[in-house]
There are 2 protein chains.
Amino acid sequence: MKRKITLKDIARELDVSISTVSKALKNSREISKDTKDKVKAFAKLYSYKPNIIALSLKQRRTKNIGVIIPDIVHHFFTTVFRGIELYADAKGYNVIACVSDESFDKEVINMELLANGSIDGFIMALSAETQLKNDVNHLKEITNQGMPLVLFDRITDEIICDKVILNDFEASYGAVKKLIDNGRKRIALITTESYFNVSEKRAQGYYKALKDHDLELDEDLILRLPYQFENETKSETFFKSNKIDAVLCVNEIFAVRAMKTAQKNGLKIPEDISFIGFTDGILSKLATPTLTSLAQHGEKMGKMAAKMLIEKIERDDDAAVEETFRTEIIEATLIERESTIN
Amino acid sequence: MKRKITLKDIARELDVSISTVSKALKNSREISKDTKDKVKAFAKLYSYKPNIIALSLKQRRTKNIGVIIPDIVHHFFTTVFRGIELYADAKGYNVIACVSDESFDKEVINMELLANGSIDGFIMALSAETQLKNDVNHLKEITNQGMPLVLFDRITDEIICDKVILNDFEASYGAVKKLIDNGRKRIALITTESYFNVSEKRAQGYYKALKDHDLELDEDLILRLPYQFENETKSETFFKSNKIDAVLCVNEIFAVRAMKTAQKNGLKIPEDISFIGFTDGILSKLATPTLTSLAQHGEKMGKMAAKMLIEKIERDDDAAVEETFRTEIIEATLIERESTIN
DNA sequence: TATTAACACGAAACCGTTTTCGTTGTTAGT
DNA sequence: ACTAACAACGAAAACGGTTTCGTGTTAATA
């Protein structure tokens, strides 16, 4: 790669000192108009741009933020990422993206890699494995170093830091209530294994809604699928052996798959059975029938996370203001489509 | 943020010079075993990690690669990104992700921002606006500086650099041929506006296949939709006014939307009409009926792009080897599902 | 005329590394 | 006893900037 022009080059060429060049370019009043003009002209001519790395070293801040997400080929995370990138970009920050691939080890490695100067702060959602092991020492180390951290969606109570989450409990409660109001009695829940923070909270909302409306909690109506399930046999028998008239799913993929098997088993949607799924992605809009879903507003969540992080980063520069941590809650909204009756 | 421990700190504490510490940690034979042990023990105790920024400045390489994609909430780009991240990570590189949002200006700004030392090379796909304006001076500047660049999917002939693309023409040709072999006569094409490089190539494949099989090219059978179209009226009339028995779509969203309107107009898939779409994403697998599609192997493409870029970066370090540029072609594969007849 | 303030600029430290090139003190060789 | 070789370490330059603190010159003031 060709060497780019530096202050030193300009100084040598114009026979002034490096300091003079630096000051001239920053319009310091120490420098005479003449020299300023000369320097600026020369700099423009050779399209001088300060070296970001040198700046980072000097200022001890990189204007980079690290984002670690479990999966990138995933609608929700993708929209969050978009929000982060949008906000960060507007504030002059770059985003370094790492994918943990739901793996604990990758998460740890990536964090350590980035923590040594590459970034000014982290935004992340815990990997599945991390949640399963419930081991968050790597996060503790980061926060102990005083590195700003914002957790979103897949959070943990073990770490004290800024967080942004969905109102999972209430959203789930509301969705089930709506199904009940529509006259549904045997409402199923299709969820992941329970170590997922959010799934658990959604399940709680489901339980509470049933209870508040005097519906019995029937364990047979709860189907727990592995996170990345491919085979449909479990859900086949699920629909065959239970007289289900409504289903809440913790994500849209589960929902659409379930709709397909329900249809295959002769059920009509929404006449015989209603469906609601979390994540209002492209699938919800284009499934047959279209799926009533709970929009998680990922972009909003991402923007919020980025905002919180950058505020913390830039506050750190100031004197020792009292540290405070917030948890922001994004409210899901129910988007009604064909899979439920209005 | 707390200051992290530096070589200088260790040197002061152990009463040796900075150089000694540095050498000891790198196991230099210049240093006695005693001092090495002492230094290493101390470093481990205080978990010393070299400052990446200082290293980058010194070595004039950042181990970062910049990725600029038009859209992140988009299955194909997302899979490519995943491939890039996977490969880069394995090689010890970080990925700085920027989203151009299909905007020329954002693309330019982001590139300039990153080009000043933050990264060792670029991987990108052109934004829609850039393709429309056909202005790639910002890319020229980058390559003129000797910064390695790999273009994927949305490429341009104006820039000489490494590229990785799909065999769009052949894939399209093959898909249409398959439809013809199945006895289809009135085959439509649903595509974007023509300034998209790939759409154009796919259209060419479509033309050629028709011609080779003595089917007349009927302009009425070609529907050009805006890239992000929301309203279906155009495609409504399209299906009403033409007796179409097969459709090739340049992406799966177009395809699934088209299937829905076709079904709404009483057409049976695949009996009355067949569908094939590019992009083998989640939609293709979960649409009703499931969609026969051309897998673009985004992850493979991403890995390839990352491989090419990193090879170039690391070759740059060596002496002036003769510069050569490659264009790698990824072959699409047809995944047959319910929307076509076997 | 001597003092002083303003002006315009340069030297040097600093950020945290790596690396080259001394500089010691010891040991071996003649 | 003198030199050569070697082992073990330190000084300093370099990467490319910013910033503090002089310093020399000129013009205004007492």
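Here is the naming used below: chain letters follow the sequence lines, and residue numbers restart at 1 for every chain.
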Steps toward salt bridge (charged side-chain N to carboxylate O under 4.0 Å, His left out) verdict (Glu311(A), Lys307(A)): CA-CA 6 Å; Glu311(A) 275 173 12; Lys307(A) 181 166 184 291; 3.1 Å; yes
With rounding to the nearest 0.5 angstrom, report the CD1 to CD1 distance, Ile53(A) to Ile52(B). 10.5 Å
Dump the pairs, protein N or O against N or O of nucleotides 17-21 of chain D, anything under 3.5 Å, distances to one decimal.
| unit_1 | atom_1 | unit_2 | atom_2 | d |
| --- | --- | --- | --- | --- |
| dG17(D) | OP1 | Tyr48(A) | OH | 3.4 |
| dG17(D) | OP1 | Asn51(A) | N | 3.3 |
| dG17(D) | OP2 | Leu7(A) | N | 2.9 |
| dG17(D) | O5' | Tyr48(A) | OH | 2.8 |
| dG17(D) | N2 | Lys58(A) | NZ | 3.2 |
| dT18(D) | OP2 | Ser22(A) | OG | 2.8 |
| dT18(D) | O2 | Lys58(A) | NZ | 3.1 |
| dT20(D) | O4 | Lys23(A) | NZ | 3.3 |

Bounded by its outermost nucleotides with an atom under 4.0 Å from a heavy atom of chain A, the footprint on DNA chain C reads dA8(C) to dG16(C)
Given atom CD1 of Ile31(B) and atom C1' of dC6(D), what is their separation to the nearest angstrom? 14 Å
Side chains of Glu299(A) and Thr79(A): any donor to acceptor distance under 3.5 Å? no
Looking only at the side chains, is there a donor atom on one of Glu102(B) and Ser127(B) sitting less than 3.5 Å from an acceptor on the other? no
Just say parallel, tilted or perpendicular for the rings of His74(A) and Phe77(A), cut-offs at 30° and 60°. tilted
Taking atom types as modelled, find out whether Thr35(B) and Ser32(B) have a side-chain donor-acceptor pair closer than 3.5 angstrom. yes
Pairs in or reaching into residues 88-113 of chain B: which pass ring-ring contact (aromatic ring centres under 6.0 Å, His included), with residues at least two apart or in two chains? Phe104(B)-His138(B)
Just by distance, no angles: are the side chains of Thr20(A) and Ser17(A) close enough, under 3.5 Å, to form a donor-acceptor pair? yes
Counting just side-chain N and O atoms, does Arg3(A) come under 4.0 Å of either OP1 or OP2 of dG16(D)? yes
5'-most by nearest nucleotide on DNA chain D - Ser32(B) or Lys4(A): Ser32(B)
Side-chain N or O of Arg60(B) versus OP1/OP2 of dA14(D): is the shortest distance under 4.0 Å? no
Considering every strand and a 4.0 Å limit on heavy-atom distances, what is the contact class for Ser56(A): base, sugar-phosphate, or nothing? nothing
